[in-house]
S.K.: 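Below is a structure I'd like to ask you about.
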Amino acid sequence: MSVLPGPELLRRAAGIRLLILDVDGVMTDGRLHYDAEGREFKTFHVRDGYGIKRVMDAGIAVAVISGRPSSSAAGRMAELGIRHVMLGRNDKEAAFDELLARLGIVEAEAACVGDDAPDLPVMKRVALPIAVADCHASVADAAAWRTSLPGGAGAVREVCDLLLAARAKSEG
């Protein structure tokens with residue numbers, strides 16, 4: 001279960017201008033599904049999509065960095081209107097550096113949600129590293145906050161709600 005965010009976490013969350021998400025294990029439950037023809041498909045939670053749209057409407061850029069290429073992930077990201085999609089990128093840190101340069105955002109304005117070791121290089125550099133509830137232990141240790149829900153089951157919505165609540169509190 002996630003711990004209620006304290007004042008320091010809320011302060012960091014209020015300053016986020018870029019939310020970086022992994023796909024497998026964060027936006028999905030991490031399982032790989034294939035049909036009889038060997039085509040991959042993924043299951044995404046609708047509440048995560050709603051949260052993503054809300055943070056983008058609030059002016060927070062959303063980016064996806066995943067080590068695996070996936071046409072189903074690309075389709076979902078397009079449906080959500082996520083413009084910064086980097087699939088099949090095993091060097092997530094290099095992808096992160098490209099994003100920062102492209103968007104003119106600094107590490108202190110970024111949050112990253114991860115679930116496993118490939119996410120650690122980026123999580124260690126952002127202002128707000130977040131782990132999903134069912135993450136690997138190494139990711140839990142690196143996280144400033146952990147969702148109460150597992151990846152693919154509304155964890156991203158929790159993160160989006162946190163960012164929006166922190167922003168509202170800092171403005172009010």
Side-chain angles (χ1 to χ4, degrees), residues 9 12-33 40-45 48-49 51-147 150-152 155-160 162-164:
L9 185 88
R12 282 198 259 172
I16 297 303
R17 294 180 52 217
L18 171 63
L19 173 60
I20 300 164
L21 304 168
D22 180 29
V23 175
D24 297 313
V26 171
M27 296 183 79
T28 74
D29 66 8
R31 295 183 294 168
L32 301 176
H33 303 275
E40 179 186 55
F41 63 95
K42 298 182 183 295
T43 303
F44 298 92
H45 203 293
D48 289 344
I52 289 168
K53 286 183 174 251
R54 288 185 62 220
V55 296
M56 290 190 307
D57 288 346
I60 299 170
V62 175
V64 171
I65 304 175
S66 177
R68 301 185 71 249
S70 168
S71 59
S72 57
R76 179 64 175 150
M77 300 315 120
E79 178 182 36
L80 292 172
I82 298 173
R83 295 180 20 219
H84 313 289
V85 180
M86 304 169 113
L87 303 175
R89 298 292 298 266
N90 289 320
D91 187 345
K92 291 187 176 193
E93 192 168 17
F96 176 58
D97 288 332
E98 290 173 31
L99 273 171
L100 294 180
R102 183 183 324 148
L103 299 173
I105 291 175
V106 297
E107 293 174 1
E109 299 171 317
C112 178
V113 185
D115 72 303
D116 210 342
D119 303 313
L120 287 172
V122 176
M123 289 180 69
K124 289 178 179 178
R125 291 181 51 196
V126 298
L128 188 54
I130 300 171
V132 295
D134 59 337
C135 68
H136 186 269
S138 63
V139 174
D141 291 342
W145 190 66
R146 194 166 169 185
T147 65
V156 172
R157 174 63 180 274
E158 275 187 78
V159 172
C160 294
L162 169 70
L163 296 178
L164 294 170

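In what follows, every heavy atom counts, from backbone to side chain, and hydrogens, waters and symmetry copies are set aside.
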S.K.: Check step by step if side chain to side chain contact (heavy atoms under 4.5 Å, CB included) holds for R54 and R157.
M.R.: CA-CA 10 Å; R54 288 185 62 220; R157 174 63 180 274; 4.1 Å; yes
S.K.: Drop me the distance from C135's SG to M123's CE, to the nearest 0.5 angstrom.
M.R.: 7.0 Å
S.K.: Just so I know, are the side chains of M56 and I82 near enough to count as touching, which here means a heavy-atom distance under 4.5 Å?
M.R.: yes
S.K.: Can you tell if the side chain of V126 reaches within under 4.5 Å of the side chain of I16, non-hydrogen atoms only?
M.R.: no
S.K.: Rounded to the nearest 0.5 Å, how far does CG of L164 lie from CG of D57?
M.R.: 9.5 Å
S.K.: Any non-hydrogen side-chain atom of D24 less than 4.5 Å from a side-chain atom of R31?
M.R.: no
S.K.: Donor-acceptor check, side chain of D141 to backbone of S138, threshold 3.5 angstrom: yes or no?
M.R.: no
S.K.: Which pair of non-hydrogen atoms, one from A127 and one from A108, has the smallest distance, and what is that distance?
M.R.: CB-O, 3.3 Å
S.K.: Which heavy atom of V23 sits nearest a heavy atom of A73, and at what distance?
M.R.: CG1-CB, 4.1 Å
S.K.: Passes side chain to side chain contact (heavy atoms under 4.5 Å, CB included), L120 versus V139? Steps please.
M.R.: CA-CA 7 Å; L120 287 172; V139 174; 4.1 Å; yes
S.K.: Quick one: does T28's side chain have a donor or acceptor within less than 3.5 Å of a partner on G152's backbone?
M.R.: no
S.K.: Please report the interatomic distance CG(D115) to CD1(I130), rounded to the nearest 0.5 Å.
M.R.: 13.5 Å
S.K.: Would you give the length of the straight line joining atom CE of M77 to atom CE of M27, rounded to the nearest 0.5 angstrom?
M.R.: 3.5 Å
S.K.: Taking side chain as C-beta onward, heavy atoms only, is K92 less than 4.5 Å from D119?
M.R.: yes
S.K.: Using side-chain heavy atoms (C-beta onward) and a distance below 4.5 Å, is V159 in contact with V132?
M.R.: no
S.K.: Considering non-hydrogen atoms only, spot the tightest contact between V122 and C112 and give its length.
M.R.: CG1-SG, 3.8 Å
S.K.: Could you give the distance from CZ (R89) to CG (L87), rounded to the nearest 0.5 Å?
M.R.: 10.0 Å
S.K.: Below 3.5 Å, can you tabulate the donor-acceptor pairs from side chains in residues 59-69 to any protein atom, sequence neighbours excluded?
M.R.:
{"from": "S66", "atom 1": "OG", "to": "R68", "atom 2": "N", "distance (Å)": "3.3"}
{"from": "S66", "atom 1": "OG", "to": "R68", "atom 2": "O", "distance (Å)": "3.4"}
{"from": "R68", "atom 1": "NH1", "to": "E40", "atom 2": "OE2", "distance (Å)": "2.6"}
{"from": "R68", "atom 1": "NH2", "to": "Y34", "atom 2": "OH", "distance (Å)": "3.4"}
{"from": "R68", "atom 1": "NH2", "to": "E40", "atom 2": "OE2", "distance (Å)": "3.2"}

S.K.: At their closest point, which heavy atom of A13 faces which heavy atom of L162, and how far apart are they?
M.R.: CB-CG, 4.3 Å
S.K.: Please examine the side chains of P118 and H136, heavy atoms only from C-beta on, and report whether any two atoms are closer than 4.5 Å.
M.R.: no
S.K.: Report the distance from atom CG of L21 to atom SG of C160, rounding to the nearest 0.5 Å.
M.R.: 7.0 Å
S.K.: Quick one: closest heavy-atom pair of T147 and A133, and the distance?
M.R.: OG1-N, 3.0 Å
S.K.: Report, as yes or no, whether the 6.0 Å neighbourhood of atom CZ on R83 holds more than 12 heavy atoms from other residues, nucleotides or ligands.
M.R.: no
S.K.: Which residues satisfy the side chain to side chain donor-acceptor pair (under 3.5 Å) test with T43, sequence neighbours excluded?
M.R.: none
S.K.: Looking at A155 and D48, what are the two nearest heavy atoms and their distance?
M.R.: N-OD1, 3.6 Å
S.K.: For the residue pair D29 and P150, establish whether any side-chain heavy-atom pair is separated by less than 4.5 Å.
M.R.: no
S.K.: Any heavy-atom pair between the side chains of I52 and R76 that's under 4.5 Å?
M.R.: no
